[in-house]
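Presented below is the structure to which this report refers.
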2 protein chains.
Amino acid sequence: MEKPQITRPEDACGKGFDKVFAFLREQFLAGAIKPGDRLTPERELCQRLGVSRPVLREALRALAMIGVVEILHGVGTIVRRPDVSVLGEFFAFALAQRADMTDDVMQARIAIECQAIRLACQRATLADIERLRGALDHIRSTIDDPTAGAEADHAFHDAMVRASKSETLLCLYQAMGEVLRQSHRDRRDLVRRYGNMKDHVAQDHERLFQAIVARDERNADDILRKHFAIGDEYRRRAALADPSAPT
Amino acid sequence: MEKPQITRPEDACGKGFDKVFAFLREQFLAGAIKPGDRLTPERELCQRLGVSRPVLREALRALAMIGVVEILHGVGTIVRRPDVSVLGEFFAFALAQRADMTDDVMQARIAIECQAIRLACQRATLADIERLRGALDHIRSTIDDPTAGAEADHAFHDAMVRASKSETLLCLYQAMGEVLRQSHRDRRDLVRRYGNMKDHVAQDHERLFQAIVARDERNADDILRKHFAIGDEYRRRAALADPSAPT
DNA sequence: TGACCTGATGTGGTATGACCACACTACTGA
DNA sequence: TCAGTAGTGTGGTCATACCACATCAGGTCA
């Protein structure tokens, strides 16, 4: 007739999956397990936690999904520091079926890049400047190639965000990586259609680079905003001319 | 000697977990399953996909972790639209063991809010203005209460981001929710220590509100940046006076 | 002696079948 | 009519066996 019969005190919290997840979560947040560690083998761990292997594996998969651990077949389960790549996965799902969202993501891009360029003005090292210069050269040399041009464009902006030396900004920026690349490709399609836009692209990035070198925060911010505004203007124009084109 | 013996053509892709995950992912991205739908029961689905239930459940748990589905005991597995709350979980892990990160998150906050206030100047409705006015009044009336004051402060900034009408910005902003609340609490502790900061807090928010009403993007951005800079200045001063205090 | 092959071992990966727990529904009885 | 209850469908868990991969020690052959 007696029911629960809790074998151990620490079992008081959730059962099964929740228990395992909470345990691992606590271990991680408390620093008991750190990035780089190899987790206890599944068979032993599930026995120690008093759950079955499938349940333990559910928890591990869940943690793997947000990048807390990496499961390697035949090797073991390694603890990792959550990486932005998982946010990419999240955004892929979050932005699905929301075509309008692509446009809205641009606002986040502007937000991050404008703050990044300000920080870059304060913090950019010589190496950052050199990287930006290289990206700038690449933009000039690929101005007529939509694909390579889009990559070069993205590389420049990426280098800019890196120069901000803010991991959080970089994290958010990379999280939107896939969507941003698409945005760059779209823009380059416009370049092909509107010849004079070619000049804008080269000039804008040149001025952005100069502003960073001059460490003129405010000016850099302004130039960047205008750069985005012009792209937006062209996009709008294209949308009017060809309603079937992506907005 | 023959090895693979693929039973069905569609099995060509990954096996087990990967196959299931890829299948569900594709179904979701293609729109075959939409938020609100109830997924096929586990027993039937795993049979249809040719995998075992534990494996299927691993995939479902993984999707549940990023908010794509919600698993309800005794009811079924419901498809959801990924919500920002899962990012909170991610940040909890990502920020663990990185005290310095709290400071860096501030940069993302500045980035998002500065863009948000610009958009708010363009898009704020009367309802948004009223909400901001209410938050402003609340800030004034709770100026001496650290706890309620921090909430009021957060409410004002939250209303500001909402007024931007950008779901992406709001998404990112809320993802940092917990960290931001802590930042507001820290700031209010400073208010208690430095009496004259009280005036700054009230004045700054008043000016932010006025700038939004006047729809003066540029000015609003400037005021907001100064607002953050002053808070940063006080924080630095506090850190010097009391090295044990949170930076 | 050296490189290469091969097996043993430890790890994650999967399958199966049974049973438990919960939510909902429909039936039954008062 | 209503409340209680049994049935059904769903997710939740367990135990065990076996498969697949990675690693390394030991042996084999040149």
Side-chain angles (χ1 to χ4, degrees), chain A residues 1-8 10-25 33 36-80, chain B residues 1-8 10-25 33 36-80:
Chain A
M1 284 305 150
E2 78 281 354
K3 287 253 307 292
Q5 172 61 0
I6 291 178
T7 46
R8 284 174 300 186
E10 68 265 30
D11 289 1
C13 59
K15 304 285 305 174
F17 176 87
D18 292 323
K19 180 166 77 174
V20 178
F21 191 83
F23 172 80
L24 292 172
R25 178 200 173 93
I33 55 180
D37 293 353
R38 207 172 102 264
L39 225 55
T40 308
E42 295 182 357
R43 290 171 176 79
E44 186 183 340
L45 190 54
C46 69
Q47 202 164 26
R48 195 184 301 177
L49 290 174
V51 298
S52 67
R53 243 187 105 197
V55 170
L56 174 69
R57 285 179 56 77
E58 283 180 27
L60 291 179
R61 286 286 196 192
L63 288 171
M65 184 56 39
I66 60 174
V68 177
V69 300
E70 183 178 6
I71 305 176
L72 300 177
H73 189 174
V75 179
T77 303
I78 314 296
V79 180
R80 299 280 185 222
Chain B
M1 280 309 152
E2 82 281 355
K3 286 253 308 294
Q5 172 59 2
I6 290 176
T7 47
R8 284 175 300 184
E10 68 264 30
D11 289 0
C13 60
K15 304 284 304 174
F17 176 86
D18 291 322
K19 179 166 77 172
V20 178
F21 191 85
F23 172 80
L24 291 172
R25 178 200 173 92
I33 55 180
D37 292 354
R38 208 172 102 264
L39 226 55
T40 308
E42 294 183 358
R43 290 172 177 77
E44 186 183 340
L45 190 53
C46 69
Q47 202 164 24
R48 193 184 304 178
L49 290 174
V51 299
S52 65
R53 243 187 105 197
V55 170
L56 175 69
R57 285 178 57 75
E58 284 179 26
L60 291 179
R61 286 286 196 193
L63 288 172
M65 183 55 41
I66 60 174
V68 176
V69 302
E70 183 178 6
I71 305 175
L72 299 177
H73 190 174
V75 178
T77 302
I78 314 296
V79 180
R80 299 279 185 223

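Residue numbering restarts at 1 for every chain, and letters A, B, ... go by the order of the sequence lines.
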Item to check | Those residues of residues 71-78 of chain B lying under 4.0 Å from DNA chain D by at least one heavy atom | outcome: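 Contacts with DNA chain D under 4.0 Å: B/Ile71, B/Leu72, B/His73, B/Gly74, B/Val75, B/Gly76, B/Thr77.
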Checklist entry - Can you list, by residue number, the residues of residues 55-64 of chain B that have a non-hydrogen atom closer than 4.0 angstrom to DNA chain D? => result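 Within residues 55-64 of chain B, the residues near DNA chain D are B/Arg57, B/Arg61.
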Next on the checklist: Going 5' to 3' along DNA chain D, between which two nucleotides do contacts with chain B fall, using a heavy-atom cut-off of 4.0 Å?
Outcome noted: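 That gives a stretch of D/dG9 to D/dT13.
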Item to check | Residue closer to the 5' end of DNA chain D, A/Pro54 versus A/Arg43 (nearest nucleotide) | outcome: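 Upstream on the strand: A/Pro54.
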Would you call [X] and [Y] a side-chain contact if the rule is heavy atoms closer than 4.5 Å?
X	Y	result
A/Arg38	A/Thr77	no
B/Met65	A/Phe21	yes
A/Val55	B/Arg57	no

Item to check | side-chain contact (heavy atoms from CB on, under 4.5 Å) partner of A/Leu63, the single match among A/Val68, A/Leu39, A/Val20 | outcome: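 Between A/Leu63 and the candidates, side-chain contact (heavy atoms from CB on, under 4.5 Å) is satisfied uniquely by A/Val68.
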Item to check | 5' to 3' contact window, DNA chain C with chain A (heavy-atom distance under 4.0 Å) | outcome: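 Range of nucleotides touched by chain A: C/dG10 to C/dT14.
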Item to check | Those residues that, when tested against B/Arg53, pass side-chain hydrogen bond (donor to acceptor under 3.5 Å, both in side chains) (two or more places apart) | outcome: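 B/Arg53 satisfies side-chain hydrogen bond (donor to acceptor under 3.5 Å, both in side chains) with B/Glu42 only.
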Checklist entry - Sequence neighbours excluded, which residues qualify as side chain to side chain contact (heavy atoms under 4.5 Å, CB included) partners of B/Arg80? => result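 Side chain to side chain contact (heavy atoms under 4.5 Å, CB included) list for B/Arg80, sorted by chain: B/Glu70, B/Ile78.
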Checklist entry - Got a second to check how far A/Glu58's CD is from A/Arg61's CZ, nearest 0.5 Å? => result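 Those atoms lie 11.0 Å apart.
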